[in-house]
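Structure, as structure tokens:
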Number of protein chains: 6
Amino acid sequence: MPTNLPSGRDLPRFAGVSTFFRFPRWEDVPDEHRPLDWALYGVPYDGGTTYRPGARFGPRAIREQSQYLKPYHLELDVNIAERLSMADAGDAPVRPYSAAENHGAVAGWAENLPGAGHTRLFAIGGDHSLAASNIRATWERLGRPAGGLPVLHLDAHLDTVDEVWGERHGHASPFIRAIEGGWIDPARMLSIGIRGPLNTPADLAFGREHGIAMVTMADLDAGRAFEAIDVWRSAVGETPVYVTIDIDCIDPAFAPGTGTPMCGGMTSREVMNLLRGLRGIRIAGADLVEVLPDRDPADVTALLAAHLVMEVLALDAVGRIG
Amino acid sequence: MPTNLPSGRDLPRFAGVSTFFRFPRWEDVPDEHRPLDWALYGVPYDGGTTYRPGARFGPRAIREQSQYLKPYHLELDVNIAERLSMADAGDAPVRPYSAAENHGAVAGWAENLPGAGHTRLFAIGGDHSLAASNIRATWERLGRPAGGLPVLHLDAHLDTVDEVWGERHGHASPFIRAIEGGWIDPARMLSIGIRGPLNTPADLAFGREHGIAMVTMADLDAGRAFEAIDVWRSAVGETPVYVTIDIDCIDPAFAPGTGTPMCGGMTSREVMNLLRGLRGIRIAGADLVEVLPDRDPADVTALLAAHLVMEVLALDAVGRIG
Amino acid sequence: MPTNLPSGRDLPRFAGVSTFFRFPRWEDVPDEHRPLDWALYGVPYDGGTTYRPGARFGPRAIREQSQYLKPYHLELDVNIAERLSMADAGDAPVRPYSAAENHGAVAGWAENLPGAGHTRLFAIGGDHSLAASNIRATWERLGRPAGGLPVLHLDAHLDTVDEVWGERHGHASPFIRAIEGGWIDPARMLSIGIRGPLNTPADLAFGREHGIAMVTMADLDAGRAFEAIDVWRSAVGETPVYVTIDIDCIDPAFAPGTGTPMCGGMTSREVMNLLRGLRGIRIAGADLVEVLPDRDPADVTALLAAHLVMEVLALDAVGRIG
Amino acid sequence: MPTNLPSGRDLPRFAGVSTFFRFPRWEDVPDEHRPLDWALYGVPYDGGTTYRPGARFGPRAIREQSQYLKPYHLELDVNIAERLSMADAGDAPVRPYSAAENHGAVAGWAENLPGAGHTRLFAIGGDHSLAASNIRATWERLGRPAGGLPVLHLDAHLDTVDEVWGERHGHASPFIRAIEGGWIDPARMLSIGIRGPLNTPADLAFGREHGIAMVTMADLDAGRAFEAIDVWRSAVGETPVYVTIDIDCIDPAFAPGTGTPMCGGMTSREVMNLLRGLRGIRIAGADLVEVLPDRDPADVTALLAAHLVMEVLALDAVGRIG
Amino acid sequence: MPTNLPSGRDLPRFAGVSTFFRFPRWEDVPDEHRPLDWALYGVPYDGGTTYRPGARFGPRAIREQSQYLKPYHLELDVNIAERLSMADAGDAPVRPYSAAENHGAVAGWAENLPGAGHTRLFAIGGDHSLAASNIRATWERLGRPAGGLPVLHLDAHLDTVDEVWGERHGHASPFIRAIEGGWIDPARMLSIGIRGPLNTPADLAFGREHGIAMVTMADLDAGRAFEAIDVWRSAVGETPVYVTIDIDCIDPAFAPGTGTPMCGGMTSREVMNLLRGLRGIRIAGADLVEVLPDRDPADVTALLAAHLVMEVLALDAVGRIG
Amino acid sequence: MPTNLPSGRDLPRFAGVSTFFRFPRWEDVPDEHRPLDWALYGVPYDGGTTYRPGARFGPRAIREQSQYLKPYHLELDVNIAERLSMADAGDAPVRPYSAAENHGAVAGWAENLPGAGHTRLFAIGGDHSLAASNIRATWERLGRPAGGLPVLHLDAHLDTVDEVWGERHGHASPFIRAIEGGWIDPARMLSIGIRGPLNTPADLAFGREHGIAMVTMADLDAGRAFEAIDVWRSAVGETPVYVTIDIDCIDPAFAPGTGTPMCGGMTSREVMNLLRGLRGIRIAGADLVEVLPDRDPADVTALLAAHLVMEVLALDAVGRIG
């Protein structure tokens, strides 16, 4: 059942209360349209930040910038609103003062959104700690698949640090928690964009030990990304994958509005092309994180984030064609 | 029937889809709560601008900044959500390319919002041309009161220019149109904050000829505002007045985000105190206009606009006590 | 007759009243220097905007940033001021409130600038609706060439929408108007940079039906641009072409200051190299549009726009050598 | 022993590693200069924030802006570096993820800075939760004076909320904790600048019950501040008072860079004059909090914060004369 | 002969090449309109700066913001373009690398502008070192009046420092140079707005020794400004005075865009009212300095500077009536 | 002897007094750790600027942004703090008002830093005129090697202009001075990134005459950079080279915060890869210049500058392995 979007002819894109992409609010979707394909929700939480906070305002900024995008995806030739039914489920009930509690609160809420087994979860952040919550909820809603979900991970950092300042649920730790929980399968995890001096040798060693396929920027510049992607796709096959995009996978020139920016990152075009190249992939759930509006002159980061959410949805939509 | 607001304890003020002051959307108000006291709506229109455009994004910015304000008004000791029932009626169906058409479209839509005779209209802009529309709708909904509405007008400019570049419905003209239409009573119109080199002698002459009480900044500095207000209140008596606030009544230090800023304006405190001093006044309708987010570093103008909308609502609320 | 430019040694580049590239004002050019090769003029108009307005301040910003550029073009090894005579003809007499009237007023004024047949028009915007005006004037000044002008079009969008909100002369419509008027030849129109979710299937269908050669970013990434350019150059031959550059052809990282930014665009280097690769082309007229200074932190967009204007002028200048 | 400051003649104010006011680092002070009069230290912590985070970068920004201020205070005619010995003690060992732990860590560290009984503590934030820590350390270092310290409190909010989202050591709670601990004397606490819709009736009731003298902006506008100050000074007498300044006591026009800005606040001049009017007061310790650099265009808030720190130091210095 | 200004009806205020207030360029004034009353010129020089440079871009920013102001001054009820003939004389031939040479070059050029004895000089900066140049030129053009010119000086600093880093013509020194040269009369110099920690006791002592009447912000707050102004006006009588306005006389909230901002300054309204209160004064020449666009979010400082230039011109214009 | 860095676990990266990369201050290094490998120092000087000043604040901004980077360099697999001993030597004693004096003062001070022959100099600017000073000091400390130092020069401009406005030590002239002094060997100088309209034919002719290998952006796009680098490396051999990086070698999208930005520059990734490709090179000294914080929204330029300083240090560190 396609999503009913207001036309820009009737409601200009600078008008109206802002929901993600002008999708209907979750509570406004009539029963006959359910279950939906996707629930998009915000996680206005940045209590897991290790450097610059403020990503709690990310969902609001992305809602606003996403008003501007129409549903037709030119390059994949698909109209996401015609192929997918989607709604804005509002924001998760964050617990601002405790990363551990927040993890549980967000995961529990998301797990219990109606439509488990059909309606997938797209979490928009907010710091990367939310990935652990959304992955856990996704895994639960899929019936706890053995071995955990394959993961496509775009990021400057591996985010597998065990703890920082005594906290094990911060934004440096979602994937170590997800591996521990069995929610993801590190041997089918592909991390692209790793670079720069916030990573440590221990981070890389952890990745190697657990079989994470890491594509650093040096690998990417050397043309080694395609091979890694092919290997990963073969390993994944038809299994739905979880897609997690930290906006800092992209260079600060394109995405200054983030809390741990690293120079020398991917361009937005590289990321878009990378995603489009995955045509045919099945998607289990997704998140886009670490947009920090207070560092985002001219809102280019939030706009890019909206584009990337649409890329993931279009990738899903195009997988349903033919 | 008081307005049901989510608590910041349950939904932090940085979370959730943004409606004005977190009021319920118009369509979500149950019938037993109707008719509401106020419908707040946006007018994302700036096609009447003579200098710098961009106020079409004003409603969106004010929605966002208003999330932050709780309903209790300390100085007037009143909780607006307990005294008044209010909703966010969304944005009017603007016609971006024609000021005349837009005037009609906005006025007609607002006139027909349910609850005429009870539910008052608070239009949030958008450029000042919307005042003509909201005033007309207010006047119609009150049964076309003979003589027109008294007006409290806070602005750097009189906005009674007949036409600019051939257009008679631009943002310099709302009050000449409203006088022509009989929707307002210029002899009971009080304009405070007039100043600076965008005004012409012809503007002032028009005001004097029509009996508008003008309080320039020089008058205000000389202490002549209080007397003018007293005279006006006496003339107004119990008649509900229309309140129209152009954010440029305030100095650019406090409100840089506007399209025709004039230095030497009121402070935000002066405007707040002025409004609070009108305790007991009855309000027929209101607007707040000319917030231009692209010129608003740190969002202070939109935040101030939200404060001022709350001042008007609190003034109304406190009039209902005892 | 070369253009007389003040040296930075005498008048530092941060000094003086700002005309485009420090060219003389049109009215200051002595008769013996006429007819000039180029008249650059501003079109401070954004009334045709469908999303974010403010490009009316584009000409002013580009005038200011262009102060900084010297006339020697390193890569093409040509000094534009030695090869071309140019002046700043000021701003066209815009009609801020009516796109149709503005179209006529700008086109009529530009058509009647002295030097028709020799002096070419470079319009600097302002929104893309001005392209229809400048193309019409160029076509008229060339004696209404049968079949219309070939066009090189750099843009994220095709801008061939018939009408928006009832307006047929907005910034989404210049090329449908130009095709209707016979001012351009769609079969010799090359549009490069098309991308993203503001385009619709209908836009693309229109382009295909009219024979417009479209190079999307996907085409460009796939290396298909060069072939398209070669085909177009063959079709164009020695016919002077009209060059129209919407700054949003470039990615928001390089050009944030524009009203309808689309992520995933060309880099400034790609556009520069693309233009330099056209060495030998003849140019009939040109425009550069959609610079929005209020969204342009650090003025990088206006600076880039000045660079691109210079690229087009240098391309013309180098065509005159040998 | 006066503080040894580099002259701007030798080290321009835009040069050098930035310590507070170019005071020597704590570890560089020779023993013969000890004990110092003041230790200034940063608390880069914003984990107690209820709305917009980022004040963890406040100490860094204030260090930088303070480079610019010379030690002579014109209005009080005193050179703070000649009258007082001071050093920058660096930043407290914050615990970013737990407000309760952070409270203890900061308080414990500050309590144990050498010079207890002589060297007073000036904490620079960071969010207002640090006030509880610095007050506790000050009280301990003074030998736990019975009845607690008198307090001068400049703020838009009372900050006596018991808990928010389960946290009792957040930035809304420092004074309720300090009252509970017996570290301050609410009956000799004067809160100036209270205003706006973040306060609740319960906040005010708490203040009244505990005898806090509250001067709202309405009181201040009505001229009631002077009387309140006189009463408080009489009650305080020669007892050293703790001074706590939340930068949001000042209007957002002057101090936009803060996390919970409230319109209608004091001007910077009012606060300066208020402080200067307290000539003769004895000071036990101080803090200045809630500077948020990411919302501070042109750094005016951090510069103002530096000015205000100097006002407090000058007030102390002038108390030592004659 | 009044100044011929384009109407905003014909040339919108966002259009056209920017000269100061849209006055004609000096070279465009026909001979029959000469001599003019005022030559406004820019001094794009900041080589005399002691802290933050960038004021070389001040003239350009003020030209742009001044486009927006109409010639009618509401409060003084005078149209400056009807009473005064004025032109934009462009920018002085600055010498960016040597303050001493620059002083001579600017002063010499300004002295030789045609119309000496009639045409007065309004220099727009640029850093305050230009005041020495413009004062010297003014004094020369008036025939070297014995005793020097009386001065009205609005500033946070006295600017009478003998040298800084070996330079005697920097922006801290214009008035010591002017006193030495006999160009101004310190006994008839009134400095208003002095404040803050960039002043030293030596600065104040110098002022007192030379008879400069200093009104600090403390004096102003204590109501002592009016008396000082009266005394000064009595001393000045009918002698034309030189007016020099450093934009940092105003608080950073209103004028953040300046190189040595000091908190606690005048409001723009105070300065406007102060100037308007001098009705009847005769003006020999003027400058407005220290606007630094790179620190001026939303251009409020440059806009205020344009307002203040207009205040001085209106003060002159109104002196010519009746 | 490795450099002792505080861990982010003990001192979060948003805490503490900012020295370059959190290296110890020069004066805090114990004797047994000396001589150090590198002294990093700031040159807060922009008096040699020809266009936009403000780079005097560059060292401060880079100190702040460098806090964030850890010492492990992922791509070169080296921890710079383990391989190199380094300290922050503070800022050089600049002479703000005279480029010639400043050149001498900075060069003399740097030459005399202890450790000549072992401790290399990394100057961080500040405008490019400092390169002449740091090169001279480096050459002196190496015992005046005959023929001068080989140079790797990344820049948009050649900076070999003899004089500008009478000044021979400005930021356009460091390399002509260094060639004259015999401090560098132009025949072993490689300049990469040359582009755009600030260069003149005379600049290029000078470069060719002196044997400077110039790689323009056109060369780079044509793949000619690798060959030029190979030739240069062969010529250099084991001789330590001086590395000078003008941040404007990089495109304004990545590095807007600079005084003479040129569009069409390198990406940050290209520069990083270029440097990493020089593995094995020996480094005699280095500078990184022209960071202008007032034009640097979101601090991306200063962050990039910190990254690039680390690239050079890592290149040196990796040369010491094995």
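So that the names make sense, note that chain A is the first sequence line, chain B the second, and so on, each numbered from 1.
- Checked for salt-bridge contact, A:R269 and C:D251 miss the test: no charged N lies under 4.0 Å from a carboxylate O.
- With hydrogens and angles ignored, the 3.5 Å screen pairs a side-chain donor or acceptor of C:W165 with a backbone N or O of A:G8.
- Between atom CE of residue A:M310 and atom SG of residue C:C263 there is a gap of 12.0 Å, rounded to the nearest 0.5 Å.
- With rounding to the nearest 0.5 Å, the separation of OH in A:Y72 from CG in C:L204 is 5.5 Å.
- Looking only at distances, no side-chain donor or acceptor of C:Y51 sits under 3.5 Å from a matching main-chain atom of A:Y68.
- The CG atom of A:N273 sits 8.0 Å away from the CE atom of C:M217 when rounded to the nearest 0.5 Å.
- Highest contact tally toward chain C, considering only A:Q67, A:H73, A:H307, is held by A:H307 [criterion: heavy-atom pairs under 4.5 Å].
- Formation of a donor-acceptor pair under 3.5 Å by the A:E75 side chain with backbone atoms of C:G196 is found in this model.
- Here A:D299 contributes atom CG and C:R52 contributes atom CZ; the two are 6.5 Å apart, rounded to the nearest 0.5 Å.
- No donor-acceptor distance shorter than 3.5 angstrom exists from the side chain of A:K70 to the backbone of C:P197, with no hydrogens or angles considered.
- Distance check, rounded to the nearest 0.5 Å: OG1 of C:T50 to CZ of A:R13 gives 9.5 Å.
- Within the 4.5 angstrom heavy-atom criterion, no atom of C:L292 approaches chain A.
- When heavy atoms are compared at a cutoff of 4.5 Å, C:P252 approaches chain A by way of both its backbone and its side chain.
- Once rounded to the nearest 0.5 Å, the distance linking CE of C:M214 with CG of A:L74 reads 9.0 Å.
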